[in-house]
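One structure below.
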Amino acid sequence: MIDLPRIFITEKGERHAKSGHPWVFEGEVVRIDGMPDNGELVHVFSPKERFLGTGYYNDNSKIRVRLISRNANDKFDADFYERRIRYALDYRKTVMGDDFRSSRLIFGEADQFPGLTVDLFEDIVVAQTLCLGTEKIKDMLFETLVRVLPEYGVNVRRVYERCDVAVRELEGMEQFCGYWKPEMFAGDADGHVTITENGIHYDVNYIDGQKTGFFLDQKYNRQAAAKLAKGRRVLDCFTHTGAFALNCAAGGADHVTAVDISETAIEQTKKNAAMNGLTDRMSFFCTDVFKLLTDMVNEKRHDYDYIILDPPAFTKSSSTVRDAYRGYKDINLRAMRCLPRGGYLATCSCSHFMKTDLFEKMLADAAGDAGVSLRQIEHRTQSPDHPILWNVPETDYLKFYLFQVV
(Lines give C-alpha, C1' and ligand atoms only; values in the text may rest on other atoms or scores of the structure.)
Protein backbone atom coordinates (compact mmCIF):
# COMPACT_ATOMS: atom_id res chain seq x y z
CA MET A 1 0.00 0.00 0.00
CA ILE A 2 1.39 3.40 -0.99
CA ASP A 3 1.88 5.91 1.79
CA LEU A 4 -1.02 8.41 1.93
CA PRO A 5 -2.93 10.32 4.64
CA ARG A 6 -5.58 8.20 6.33
CA ILE A 7 -9.24 9.00 6.91
CA PHE A 8 -11.19 7.04 9.54
CA ILE A 9 -14.97 6.99 9.20
CA THR A 10 -18.06 6.00 11.19
CA GLU A 11 -19.72 2.59 11.17
CA LYS A 12 -22.51 4.09 9.07
CA GLY A 13 -19.92 5.33 6.60
CA GLU A 14 -18.30 1.90 6.59
CA ARG A 15 -21.62 0.23 5.72
CA HIS A 16 -22.08 2.78 2.95
CA ALA A 17 -18.60 2.11 1.55
CA LYS A 18 -18.97 -1.67 1.81
CA SER A 19 -22.19 -1.47 -0.19
CA GLY A 20 -20.06 -0.21 -3.07
CA HIS A 21 -21.02 3.46 -2.96
CA PRO A 22 -18.00 5.67 -3.75
CA TRP A 23 -18.80 8.71 -1.58
CA VAL A 24 -17.73 9.43 2.00
CA PHE A 25 -19.72 12.32 3.43
CA GLU A 26 -18.55 15.08 5.73
CA GLY A 27 -20.44 13.74 8.77
CA GLU A 28 -18.92 10.27 8.36
CA VAL A 29 -15.32 11.38 8.98
CA VAL A 30 -14.17 10.92 12.58
CA ARG A 31 -10.39 11.20 12.34
CA ILE A 32 -7.65 12.21 9.90
CA ASP A 33 -4.08 10.98 10.21
CA GLY A 34 -1.85 13.27 8.20
CA MET A 35 -2.56 16.56 6.48
CA PRO A 36 -4.13 15.87 3.07
CA ASP A 37 -4.34 18.67 0.54
CA ASN A 38 -7.64 19.18 -1.20
CA GLY A 39 -7.82 17.16 -4.40
CA GLU A 40 -5.18 14.66 -3.26
CA LEU A 41 -5.56 10.96 -2.60
CA VAL A 42 -6.22 9.50 0.84
CA HIS A 43 -6.81 6.02 2.20
CA VAL A 44 -10.14 5.39 3.95
CA PHE A 45 -10.44 3.07 6.94
CA SER A 46 -13.23 1.72 9.14
CA PRO A 47 -13.40 2.52 12.88
CA LYS A 48 -11.55 -0.78 13.43
CA GLU A 49 -8.84 0.28 10.96
CA ARG A 50 -9.97 -1.97 8.14
CA PHE A 51 -8.99 -0.64 4.70
CA LEU A 52 -12.04 0.41 2.66
CA GLY A 53 -10.57 2.21 -0.33
CA THR A 54 -8.64 5.15 -1.76
CA GLY A 55 -10.08 8.36 -3.10
CA TYR A 56 -9.86 12.12 -3.63
CA TYR A 57 -10.14 14.28 -0.51
CA ASN A 58 -11.74 17.73 -0.43
CA ASP A 59 -12.77 19.57 2.72
CA ASN A 60 -14.63 22.17 0.63
CA SER A 61 -17.23 19.59 -0.29
CA LYS A 62 -19.91 17.76 1.69
CA ILE A 63 -18.64 14.72 -0.21
CA ARG A 64 -15.41 14.59 1.74
CA VAL A 65 -13.85 11.65 -0.16
CA ARG A 66 -14.69 10.24 -3.60
CA LEU A 67 -13.36 6.70 -3.77
CA ILE A 68 -11.66 5.53 -6.97
CA SER A 69 -10.25 2.18 -5.85
CA ARG A 70 -10.80 -0.56 -3.27
CA ASN A 71 -7.57 -2.38 -4.04
CA ALA A 72 -4.84 -1.68 -1.47
CA ASN A 73 -2.18 -2.63 -4.03
CA ASP A 74 -3.13 -0.10 -6.70
CA LYS A 75 -0.51 2.41 -7.81
CA PHE A 76 -2.14 5.58 -9.05
CA ASP A 77 0.22 6.26 -11.92
CA ALA A 78 -0.40 7.00 -15.60
CA ASP A 79 -0.77 3.29 -16.37
CA PHE A 80 -3.55 2.97 -13.78
CA TYR A 81 -5.59 5.75 -15.38
CA GLU A 82 -4.94 4.52 -18.91
CA ARG A 83 -6.32 1.10 -17.96
CA ARG A 84 -9.44 2.82 -16.63
CA ILE A 85 -9.83 4.84 -19.83
CA ARG A 86 -9.39 1.80 -22.05
CA TYR A 87 -11.89 -0.13 -19.94
CA ALA A 88 -14.46 2.66 -20.46
CA LEU A 89 -13.76 2.86 -24.21
CA ASP A 90 -13.91 -0.92 -24.66
CA TYR A 91 -17.29 -0.97 -22.94
CA ARG A 92 -18.67 1.78 -25.24
CA LYS A 93 -17.31 0.06 -28.33
CA THR A 94 -19.11 -3.11 -27.26
CA VAL A 95 -22.49 -1.67 -26.27
CA MET A 96 -22.69 1.20 -28.78
CA GLY A 97 -21.20 -0.44 -31.86
CA ASP A 98 -21.62 1.88 -34.86
CA ASP A 99 -22.92 4.61 -32.52
CA PHE A 100 -19.57 4.88 -30.74
CA ARG A 101 -18.68 8.13 -32.54
CA SER A 102 -21.58 9.93 -30.88
CA SER A 103 -21.60 8.62 -27.35
CA ARG A 104 -20.68 9.32 -23.76
CA LEU A 105 -17.20 7.90 -23.28
CA ILE A 106 -16.91 8.53 -19.54
CA PHE A 107 -19.87 8.80 -17.16
CA GLY A 108 -18.36 9.91 -13.87
CA GLU A 109 -18.67 7.48 -10.98
CA ALA A 110 -20.14 4.81 -13.27
CA ASP A 111 -16.65 4.58 -14.85
CA GLN A 112 -14.76 5.26 -11.60
CA PHE A 113 -13.79 8.75 -12.71
CA PRO A 114 -15.43 10.97 -10.08
CA GLY A 115 -17.12 14.06 -11.46
CA LEU A 116 -15.85 13.55 -15.01
CA THR A 117 -18.10 13.60 -18.08
CA VAL A 118 -16.62 13.04 -21.53
CA ASP A 119 -18.81 13.10 -24.64
CA LEU A 120 -17.63 12.28 -28.15
CA PHE A 121 -19.21 14.09 -31.10
CA GLU A 122 -17.51 12.57 -34.15
CA ASP A 123 -13.97 14.01 -33.78
CA ILE A 124 -14.75 16.55 -31.03
CA VAL A 125 -14.33 15.62 -27.37
CA VAL A 126 -16.35 17.69 -24.90
CA ALA A 127 -15.44 17.29 -21.23
CA GLN A 128 -16.82 18.52 -17.92
CA THR A 129 -14.89 18.18 -14.66
CA LEU A 130 -16.76 18.58 -11.36
CA CYS A 131 -14.32 16.98 -8.90
CA LEU A 132 -11.15 18.72 -7.72
CA GLY A 133 -9.14 15.51 -7.63
CA THR A 134 -10.04 14.76 -11.23
CA GLU A 135 -9.34 18.38 -12.18
CA LYS A 136 -5.76 18.02 -10.94
CA ILE A 137 -5.05 15.09 -13.26
CA LYS A 138 -7.20 16.14 -16.23
CA ASP A 139 -4.21 16.99 -18.45
CA MET A 140 -2.96 13.43 -18.13
CA LEU A 141 -6.46 12.04 -18.73
CA PHE A 142 -7.11 14.17 -21.82
CA GLU A 143 -3.67 13.45 -23.25
CA THR A 144 -4.33 9.73 -22.80
CA LEU A 145 -7.74 9.98 -24.49
CA VAL A 146 -6.31 11.85 -27.47
CA ARG A 147 -3.50 9.30 -27.80
CA VAL A 148 -5.72 6.20 -27.38
CA LEU A 149 -8.86 7.13 -29.35
CA PRO A 150 -7.25 6.60 -32.80
CA GLU A 151 -7.11 2.91 -31.88
CA TYR A 152 -10.91 3.09 -31.74
CA GLY A 153 -11.18 4.85 -35.10
CA VAL A 154 -11.31 8.46 -33.85
CA ASN A 155 -8.66 11.09 -34.54
CA VAL A 156 -9.54 13.89 -32.14
CA ARG A 157 -9.79 17.34 -33.74
CA ARG A 158 -10.37 19.31 -30.53
CA VAL A 159 -11.04 18.90 -26.80
CA TYR A 160 -13.45 21.48 -25.42
CA GLU A 161 -14.12 21.97 -21.70
CA ARG A 162 -17.67 22.84 -20.62
CA CYS A 163 -16.98 23.58 -16.97
CA ASP A 164 -19.71 26.22 -16.64
CA VAL A 165 -21.48 24.44 -13.77
CA ALA A 166 -22.15 25.86 -10.31
CA VAL A 167 -21.26 22.52 -8.67
CA ARG A 168 -17.60 23.31 -9.35
CA GLU A 169 -17.79 26.13 -6.82
CA LEU A 170 -18.82 23.64 -4.12
CA GLU A 171 -15.53 21.87 -4.83
CA GLY A 172 -13.57 25.13 -4.54
CA MET A 173 -13.14 25.54 -8.31
CA GLU A 174 -14.07 28.35 -10.67
CA GLN A 175 -16.41 27.97 -13.63
CA PHE A 176 -14.97 28.32 -17.12
CA CYS A 177 -15.21 27.14 -20.72
CA GLY A 178 -12.59 26.86 -23.43
CA TYR A 179 -10.52 24.66 -25.71
CA TRP A 180 -8.02 22.47 -23.89
CA LYS A 181 -4.46 22.93 -25.20
CA PRO A 182 -5.48 24.15 -28.69
CA GLU A 183 -1.83 24.32 -29.71
CA MET A 184 -1.80 20.51 -29.81
CA PHE A 185 -4.26 20.35 -32.69
CA ALA A 186 -4.19 21.37 -36.35
CA GLY A 187 -7.09 22.76 -38.36
CA ASP A 188 -10.03 24.99 -37.48
CA ALA A 189 -12.83 24.63 -34.95
CA ASP A 190 -15.86 26.90 -34.87
CA GLY A 191 -17.86 25.38 -32.00
CA HIS A 192 -20.03 23.26 -34.30
CA VAL A 193 -19.86 19.65 -35.39
CA THR A 194 -22.28 17.49 -37.39
CA ILE A 195 -23.22 14.14 -35.88
CA THR A 196 -25.49 11.34 -37.07
CA GLU A 197 -27.80 9.51 -34.68
CA ASN A 198 -30.44 6.97 -35.77
CA GLY A 199 -29.81 8.13 -39.34
CA ILE A 200 -30.65 11.75 -38.43
CA HIS A 201 -28.06 14.51 -38.89
CA TYR A 202 -27.65 17.20 -36.23
CA ASP A 203 -25.61 20.34 -35.95
CA VAL A 204 -24.17 20.25 -32.43
CA ASN A 205 -23.18 23.58 -30.89
CA TYR A 206 -20.86 22.36 -28.16
CA ILE A 207 -19.90 25.87 -27.01
CA ASP A 208 -23.34 27.44 -26.50
CA GLY A 209 -25.63 24.41 -26.41
CA GLN A 210 -27.03 23.01 -23.17
CA LYS A 211 -24.77 20.76 -21.08
CA THR A 212 -22.14 19.45 -23.52
CA GLY A 213 -24.13 20.47 -26.58
CA PHE A 214 -26.44 17.50 -27.22
CA PHE A 215 -28.37 15.00 -25.09
CA LEU A 216 -27.02 11.59 -26.02
CA ASP A 217 -28.88 9.66 -23.33
CA GLN A 218 -32.21 9.53 -25.22
CA LYS A 219 -30.67 8.02 -28.37
CA TYR A 220 -32.57 4.73 -28.38
CA ASN A 221 -35.69 6.17 -26.72
CA ARG A 222 -36.03 8.41 -29.78
CA GLN A 223 -35.82 5.32 -31.93
CA ALA A 224 -38.56 3.63 -29.89
CA ALA A 225 -40.76 6.74 -30.05
CA ALA A 226 -40.36 6.96 -33.83
CA LYS A 227 -41.74 3.44 -34.31
CA LEU A 228 -45.18 4.69 -33.19
CA ALA A 229 -45.18 7.83 -35.32
CA LYS A 230 -46.10 6.53 -38.77
CA GLY A 231 -49.28 8.17 -40.03
CA ARG A 232 -49.78 10.18 -36.85
CA ARG A 233 -50.00 13.86 -35.97
CA VAL A 234 -47.24 14.39 -33.41
CA LEU A 235 -46.70 17.16 -30.86
CA ASP A 236 -43.13 17.22 -29.52
CA CYS A 237 -43.04 19.33 -26.35
CA PHE A 238 -39.77 20.79 -25.03
CA THR A 239 -38.20 19.87 -28.36
CA HIS A 240 -34.78 21.45 -27.58
CA THR A 241 -32.82 20.65 -30.77
CA GLY A 242 -35.73 18.70 -32.27
CA ALA A 243 -34.40 15.18 -31.77
CA PHE A 244 -37.69 13.42 -30.95
CA ALA A 245 -39.51 15.49 -33.58
CA LEU A 246 -36.99 14.65 -36.30
CA ASN A 247 -37.01 10.95 -35.51
CA CYS A 248 -40.82 10.90 -35.71
CA ALA A 249 -40.85 12.87 -38.97
CA ALA A 250 -38.31 10.49 -40.47
CA GLY A 251 -40.37 7.61 -39.09
CA GLY A 252 -43.31 8.52 -41.30
CA ALA A 253 -45.45 10.83 -39.18
CA ASP A 254 -48.13 12.73 -41.13
CA HIS A 255 -46.99 15.92 -39.44
CA VAL A 256 -44.82 16.88 -36.45
CA THR A 257 -45.14 20.09 -34.45
CA ALA A 258 -42.01 20.97 -32.46
CA VAL A 259 -42.50 23.32 -29.49
CA ASP A 260 -40.03 25.00 -27.16
CA ILE A 261 -40.01 28.22 -25.14
CA SER A 262 -36.49 29.01 -26.36
CA GLU A 263 -36.18 30.83 -29.68
CA THR A 264 -32.62 29.54 -29.97
CA ALA A 265 -33.86 25.96 -29.60
CA ILE A 266 -36.52 26.46 -32.26
CA GLU A 267 -34.02 27.97 -34.70
CA GLN A 268 -31.68 25.03 -34.09
CA THR A 269 -34.55 22.59 -34.68
CA LYS A 270 -35.39 24.33 -37.97
CA LYS A 271 -31.74 24.06 -39.01
CA ASN A 272 -31.64 20.36 -38.17
CA ALA A 273 -34.92 19.74 -40.00
CA ALA A 274 -33.54 21.43 -43.13
CA MET A 275 -30.35 19.35 -42.94
CA ASN A 276 -32.50 16.22 -43.09
CA GLY A 277 -35.01 17.38 -45.71
CA LEU A 278 -37.89 17.14 -43.23
CA THR A 279 -39.10 20.76 -43.13
CA ASP A 280 -42.15 20.10 -45.31
CA ARG A 281 -43.72 17.76 -42.75
CA MET A 282 -42.89 19.82 -39.65
CA SER A 283 -44.08 23.00 -37.90
CA PHE A 284 -42.11 24.96 -35.31
CA PHE A 285 -43.54 27.07 -32.48
CA CYS A 286 -41.77 29.12 -29.84
CA THR A 287 -44.21 29.09 -26.94
CA ASP A 288 -44.75 27.92 -23.35
CA VAL A 289 -45.68 24.23 -23.38
CA PHE A 290 -47.78 24.59 -20.21
CA LYS A 291 -49.83 27.38 -21.80
CA LEU A 292 -50.20 25.51 -25.09
CA LEU A 293 -51.51 22.36 -23.41
CA THR A 294 -53.79 24.39 -21.11
CA ASP A 295 -55.29 26.24 -24.09
CA MET A 296 -55.85 22.95 -25.92
CA VAL A 297 -57.63 21.47 -22.89
CA ASN A 298 -59.82 24.55 -22.39
CA GLU A 299 -60.75 24.61 -26.08
CA LYS A 300 -61.32 20.83 -26.09
CA ARG A 301 -58.96 20.44 -29.03
CA HIS A 302 -57.56 17.07 -30.09
CA ASP A 303 -55.17 18.29 -32.74
CA TYR A 304 -52.67 15.48 -32.15
CA ASP A 305 -52.90 11.73 -31.65
CA TYR A 306 -49.33 11.43 -30.32
CA ILE A 307 -47.75 13.72 -27.71
CA ILE A 308 -44.14 13.58 -26.53
CA LEU A 309 -43.11 15.16 -23.21
CA ASP A 310 -39.35 15.51 -22.68
CA PRO A 311 -39.09 18.35 -20.13
CA PRO A 312 -35.95 19.58 -18.39
CA ALA A 313 -35.38 18.27 -14.87
CA PHE A 314 -38.03 19.78 -12.60
CA THR A 315 -35.96 18.99 -9.51
CA LYS A 316 -32.24 18.83 -8.80
CA SER A 317 -32.50 18.08 -5.08
CA SER A 318 -34.64 16.00 -2.74
CA SER A 319 -36.04 19.18 -1.13
CA THR A 320 -37.96 20.19 -4.27
CA VAL A 321 -39.40 16.81 -5.23
CA ARG A 322 -42.91 17.76 -4.09
CA ASP A 323 -42.97 20.79 -6.38
CA ALA A 324 -41.54 18.68 -9.19
CA TYR A 325 -44.28 16.09 -8.70
CA ARG A 326 -46.90 18.79 -9.23
CA GLY A 327 -45.10 20.06 -12.36
CA TYR A 328 -44.83 16.61 -13.93
CA LYS A 329 -48.44 15.81 -13.07
CA ASP A 330 -49.60 19.13 -14.53
CA ILE A 331 -48.13 18.57 -17.99
CA ASN A 332 -48.97 14.85 -18.12
CA LEU A 333 -52.57 15.45 -17.04
CA ARG A 334 -53.02 18.08 -19.72
CA ALA A 335 -51.40 15.90 -22.38
CA MET A 336 -53.70 12.99 -21.51
CA ARG A 337 -56.74 15.27 -21.77
CA CYS A 338 -55.57 16.55 -25.15
CA LEU A 339 -55.25 13.06 -26.66
CA PRO A 340 -58.15 11.20 -28.23
CA ARG A 341 -58.92 7.69 -27.05
CA GLY A 342 -56.36 5.40 -28.62
CA GLY A 343 -53.78 8.19 -28.84
CA TYR A 344 -50.17 7.72 -27.78
CA LEU A 345 -48.07 9.39 -25.09
CA ALA A 346 -44.29 9.38 -24.63
CA THR A 347 -43.26 10.87 -21.30
CA CYS A 348 -40.06 11.03 -19.31
CA SER A 349 -38.09 12.55 -16.43
CA CYS A 350 -34.35 13.17 -16.38
CA SER A 351 -34.19 13.85 -12.62
CA HIS A 352 -32.51 11.30 -10.37
CA PHE A 353 -34.54 12.61 -7.44
CA MET A 354 -37.85 11.80 -9.14
CA LYS A 355 -37.62 8.09 -8.42
CA THR A 356 -39.25 5.53 -10.68
CA ASP A 357 -41.96 4.57 -8.20
CA LEU A 358 -42.82 8.22 -7.55
CA PHE A 359 -42.91 9.00 -11.27
CA GLU A 360 -45.22 6.05 -11.87
CA LYS A 361 -47.49 7.17 -9.01
CA MET A 362 -47.64 10.63 -10.61
CA LEU A 363 -48.64 9.10 -13.94
CA ALA A 364 -51.33 7.01 -12.29
CA ASP A 365 -52.68 10.06 -10.45
CA ALA A 366 -52.69 12.10 -13.67
CA ALA A 367 -54.50 9.32 -15.55
CA GLY A 368 -57.09 9.06 -12.78
CA ASP A 369 -57.75 12.80 -12.85
CA ALA A 370 -57.92 12.75 -16.65
CA GLY A 371 -60.40 9.85 -16.57
CA VAL A 372 -58.28 7.63 -18.80
CA SER A 373 -56.36 4.37 -18.55
CA LEU A 374 -52.76 3.90 -19.61
CA ARG A 375 -51.74 0.88 -21.65
CA GLN A 376 -47.97 0.59 -21.21
CA ILE A 377 -46.01 -0.16 -24.35
CA GLU A 378 -42.48 0.24 -23.03
CA HIS A 379 -40.56 1.41 -19.98
CA ARG A 380 -37.04 2.43 -20.88
CA THR A 381 -34.09 4.23 -19.33
CA GLN A 382 -30.90 5.96 -20.48
CA SER A 383 -28.79 4.56 -23.31
CA PRO A 384 -26.04 2.13 -22.26
CA ASP A 385 -23.23 4.63 -22.77
CA HIS A 386 -24.69 6.17 -19.57
CA PRO A 387 -24.41 2.95 -17.53
CA ILE A 388 -26.34 2.45 -14.32
CA LEU A 389 -24.41 1.02 -11.36
CA TRP A 390 -26.87 -0.64 -9.00
CA ASN A 391 -24.74 0.25 -6.00
CA VAL A 392 -24.64 3.93 -7.05
CA PRO A 393 -28.27 5.13 -7.31
CA GLU A 394 -27.17 8.54 -8.58
CA THR A 395 -26.23 6.96 -11.92
CA ASP A 396 -29.88 5.96 -12.49
CA TYR A 397 -31.78 9.07 -13.52
CA LEU A 398 -33.68 8.80 -16.81
CA LYS A 399 -37.19 7.33 -16.93
CA PHE A 400 -38.97 6.99 -20.28
CA TYR A 401 -42.44 5.54 -20.90
CA LEU A 402 -44.55 4.89 -23.96
CA PHE A 403 -48.31 4.51 -23.46
CA GLN A 404 -51.51 4.24 -25.37
CA VAL A 405 -54.30 6.25 -23.77
CA VAL A 406 -57.44 4.09 -23.56
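Please read these numbers as outputs of a predicted model, since none were measured by experiment.
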Above 12 or not: heavy atoms from other molecules or residues under 6.0 Å from [atom1] of [X]?
X      : atom1 : answer
Asp77  : CG    : yes
Lys12  : NZ    : no
Glu378 : CD    : yes
Glu174 : CD    : no
Asp188 : CG    : no
Phe80  : CZ    : yes

In terms of relative ring orientation, are [X] and [Y] parallel, tilted or perpendicular, with 30° and 60° separating the classes?
X      : Y      : result
His16  : His21  : parallel
Tyr401 : Phe403 : parallel
Phe214 : Tyr202 : tilted

So [Y] and [X], do their side chains get closer than 4.5 Å, heavy atoms only?
X      : Y      : answer
Asn38  : Asp59  : yes
Asn198 : Arg222 : yes
Val204 : Ile124 : no
Tyr81  : Ile68  : yes

- Query: With ring centroids as reference points, do Tyr206 and Phe121 lie under 6.0 angstrom apart?
  - Reply: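 Ring centroids of Tyr206 and Phe121 are no less than 6.0 Å from each other.
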
- Message: Once ring-ring contact (aromatic ring centres under 6.0 Å, His included) is applied, do any residues pair with Phe51, and if so which ones, sequence neighbours excluded?
- Response: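 Listed in chain order: His43, Phe45.
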
- Output the distance between atom CD (Gln268) and atom OG (Ser262), rounded to the nearest 0.5 Å.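 Taking CD in Gln268 and OG in Ser262, the distance rounds to 10.0 Å.
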
- Task: Could you point out which residue of Arg92, Arg84, Arg86 forms a salt bridge (charged side-chain N to carboxylate O under 4.0 Å, His left out) with Asp111?
- Result: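 When salt bridge (charged side-chain N to carboxylate O under 4.0 Å, His left out) is applied between Asp111 and each of Arg92, Arg84, Arg86, only Arg92 qualifies.
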
